[in-house]
Structures are given as C-alpha cells and as structure tokens.
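Presented below is the structure to which this report refers.
All heavy atoms count here, side chains included; hydrogens, waters and symmetry mates do not. Here the structure is a predicted model, which means the values were calculated and not measured.
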Amino acid sequence: RRSDGFVDTHVGGLNLNYELSKKTKLHLNYFYNDLRQEVDRTATLQNLLGEKTTAETQQESQQLSKNRNHRFNAELRHKIDSTQDLKWRNDVSIINSVVNRNTLSQTFDVDDIFRNGRTTDLQTQNQGLNFKSNLTYRKRFSKAGRAFVGNFKIGTFNRDRDNEVFSINQFPDFEEE
C-alpha cells in the first residue's frame with residue numbers, strides 16, 4: 001500500500017503553448033514522477049486454543065519499491081476555415097517499476113521448539129511504453145445541428161514484466177523414538 005512505510009516522491013512537469021499562426025496552435029506538456037517506498041515490518045502472531053497459546057510465529061519483512069513514469073503529450077490544432085478544423089493529439093508514456101521484498105517467518109511451539117520456517121525473496125521488474133495518436137477532422141454544415149466528424153486512432157501498449165520468487169521452507173528433523 002502506498003500509505004505504508006517511508007515514501008519519497010519527486011514530480012515535475014512542463015507546459016508549452018505555441019501559436020504557430022493565427023489558425024494553428026501547438027500545446028506540449030511533459031510530466032515526470034519518481035516514487036520510492038521503503039517498508040519494514042515485524043509481527044508476532046499467536047495461535048490460541050481457548051485461552052492457551054499453542055504456537056507463536058515471528059515474521060520480518062523488508063520491501064523497497066521504485067516507480068518512475070514519463071508522460072509526453074502534444075496537441076496540434078488547425079482551423080482550416082470558420083466551419084472546419086483538425087486536431088492531432090499524441091500521447092507517449094514510459095513506465096519503469098521495481099519491487100524487492102524479503103520475508104522471514106518462523107514458527108515455534110509453546111516449549112519454544114522450532115516447528116517451521118520460510119524465507120522468501122521476491123523481485124519484480126516492470127517496464128512499459130505506451131503510444132496513442134488521434135487525428136480528428138470536424139466540419140460544421142450551415143444547417144443548425146448538422147456536422148461531420150471523422151476520427152482516426154492508432155496506438156500501441158507494450159509491457160515487459162519479470163517476476164522472480166526464491167523461497168526456502170524449513171522443517172525440523174524429528175527423530176523417531
């Protein structure tokens with residue numbers, strides 16, 4: 001969850017508006033955000049049977065998450081005449097995120113004898129590139145409420161995600177009596 005742990009966030013952006021001519025306008029913007037989150041947890045769980053504790057589990061985990069995003073938007077508007085215009089919008093986003101989580105869990109019975117344990121190391125890496133382009137032509141006719149709108153869209157969404165999980169489960173060697 002984003003509200004857990006220590007979070008550092010850096011954001012920034014830039015907006016530019018150009019009037020290329022009386023009929024043509026260009027709007028550009030760029031946005032960047034960088035989020036880093038560190039979470040350390042320690043927990044003790046008790047298994048109860050009635051009022052008696054039957055086992056206790058100690059858990060420790062550390063997690064580091066990093067998310068970086070770049071977003072570019074460009075929009076070109078051209079007024080052909082008083083009844084026609086073109087709008088061309090392009091959006092590009094680049095996504096990069098990494099999560100590393102290490103967890104240790106150990107369970108002991110009421111006599112403090114080790115019963116089981118688990119060590120887990122999770123690493124996730126996510127990268128993506130998204131692109132959308134939209135061209136719109138509008139023509140208003142002289143009769144009120146009548147218009148023609150043509151729209152052409154194209155886009156691609158590419159994402160590459162790698163997950164690695166390394167886990168060791170431990171159980172004591174019980175000797176037969």
Side-chain angles (χ1 to χ4, degrees), residues 1-16 27-75 88-135 151-177:
R1 294 186 336 212
R2 295 271 185 241
S3 61
D4 291 347
F6 294 97
V7 179
D8 290 327
T9 304
H10 301 95
V11 296
L14 183 63
N15 291 308
L16 301 169
H27 306 284
L28 303 168
N29 66 57
Y30 167 75
F31 178 75
Y32 172 77
N33 72 310
D34 182 1
L35 182 127
R36 178 186 166 97
Q37 179 185 33
E38 290 185 55
V39 179
D40 290 335
R41 286 194 175 109
T42 302
T44 301
L45 306 169
Q46 290 183 331
N47 295 347
L48 302 173
L49 183 58
E51 293 183 19
K52 184 178 178 183
T53 300
T54 59
E56 186 172 280
T57 302
Q58 304 287 329
Q59 293 179 337
E60 294 180 15
S61 66
Q62 296 84 35
Q63 178 174 310
L64 175 62
S65 303
K66 297 177 186 177
N67 293 295
R68 291 187 180 100
N69 298 299
H70 299 268
R71 252 191 356 236
F72 305 92
N73 301 302
E75 183 177 277
W88 186 27
R89 180 169 175 87
N90 294 283
D91 302 314
V92 176
S93 62
I94 300 168
I95 302 162
N96 187 346
S97 66
V98 175
V99 175
N100 293 317
R101 180 182 309 138
N102 300 306
T103 306
L104 171 64
S105 177
Q106 295 181 320
T107 302
F108 299 88
D109 67 15
V110 290
D111 297 322
D112 206 27
I113 297 173
F114 175 78
R115 292 298 176 197
N116 63 58
R118 180 178 60 229
T119 303
T120 305
D121 182 18
L122 167 70
Q123 296 181 4
T124 301
Q125 190 166 20
N126 185 22
Q127 295 178 343
L129 174 64
N130 307 322
F131 169 75
K132 291 188 302 186
S133 185
N134 184 13
L135 179 63
N151 201 11
F152 176 74
K153 292 183 180 183
I154 190 169
T156 183
F157 178 78
N158 294 310
R159 182 160 287 181
D160 183 21
R161 184 174 188 156
D162 292 322
N163 295 313
E164 292 182 10
V165 178
F166 179 71
S167 184
I168 297 174
N169 294 313
Q170 301 166 317
F171 300 94
D173 291 328
F174 293 107
E175 295 181 19
E176 293 185 28
E177 296 180 22

Main chain of I113, side chain of D111: is a donor-acceptor contact present, judged purely on distance under 3.5 Å?
no
T54 vs N47, side chain to side chain donor-acceptor pair (under 3.5 Å): CA-CA, chis, key distance, verdict
CA-CA 5 Å; T54 59; N47 295 347; 4.8 Å; no
Among Q127, H70, R71, which residue meets the side chain to side chain contact (heavy atoms under 4.5 Å, CB included) test with I94?
H70
Ignoring hydrogens and angles, tell me if any N or O in the side chain of T156 forms a donor-acceptor pair with the backbone of F131 under 3.5 Å.
no
Would you please test V98 and N96 for side-chain contact (heavy atoms from CB on, under 4.5 Å) and show each step?
CA-CA 7 Å; V98 175; N96 187 346; 4.3 Å; yes
Which residues share a side chain to side chain contact (heavy atoms under 4.5 Å, CB included) with L28, sequence neighbours left out
L16, Y18, L26, A74
What class does the angle between the rings of F114 and F108 fall in, given that below 30° is parallel, 30 to 60° is tilted and above 60° is perpendicular?
perpendicular
Mind listing the closest non-hydrogen atom pair of N33 and V11 along with its distance?
CB-CG1, 3.6 Å
Between CD on residue Q125 and NZ on residue K66, distance to nearest 0.5 Å:
10.5 Å
Smallest separation among heavy atoms of R115 and P172, with atom names:
O-CD, 2.9 Å
Using side-chain contact (heavy atoms from CB on, under 4.5 Å), reason through L35 and V7 one step at a time and then give a plain yes or no.
CA-CA 7 Å; L35 182 127; V7 179; 3.9 Å; yes
CZ-CD1 distance between R118 and I168, expressed to the nearest 0.5 angstrom:
12.0 Å
Look up atom CG in N102 and atom CG in L122, then write down how far apart they are to the nearest 0.5 Å.
9.0 Å
At what distance, to the nearest 0.5 angstrom, does CG of D40 lie from CD of Q62?
5.5 Å
dist E38:CD -> D4:CG (nearest 0.5 Å) comes out at 13.5 Å
Minimum heavy-atom distance A55-T107, with the two atoms named
CB-CG2, 4.1 Å
Check the pair N90 / V92 against side-chain contact (heavy atoms from CB on, under 4.5 Å), numbers first and verdict last.
CA-CA 7 Å; N90 294 283; V92 176; 5.7 Å; no
Looking at Q63 and V99, would you say the former's side chain and the latter's main chain have a donor-acceptor pair under 3.5 Å?
no
Minimum side-chain heavy-atom gap N134-N151 below 4.5 Å:
yes
Straight-line distance of T124 OG1 to R161 CZ, nearest 0.5 Å
5.5 Å
Verdict with reasoning, R36 to L64, per side-chain contact (heavy atoms from CB on, under 4.5 Å):
CA-CA 7 Å; R36 178 186 166 97; L64 175 62; 3.7 Å; yes
Looking at F166, I want to see if its CZ is surrounded by more than 12 non-hydrogen atoms of other residues, nucleotides or ligands under 6.0 Å.
no
Pair E56, Q58: side-chain N/O donor-acceptor within cut-off below 3.5 Å
yes
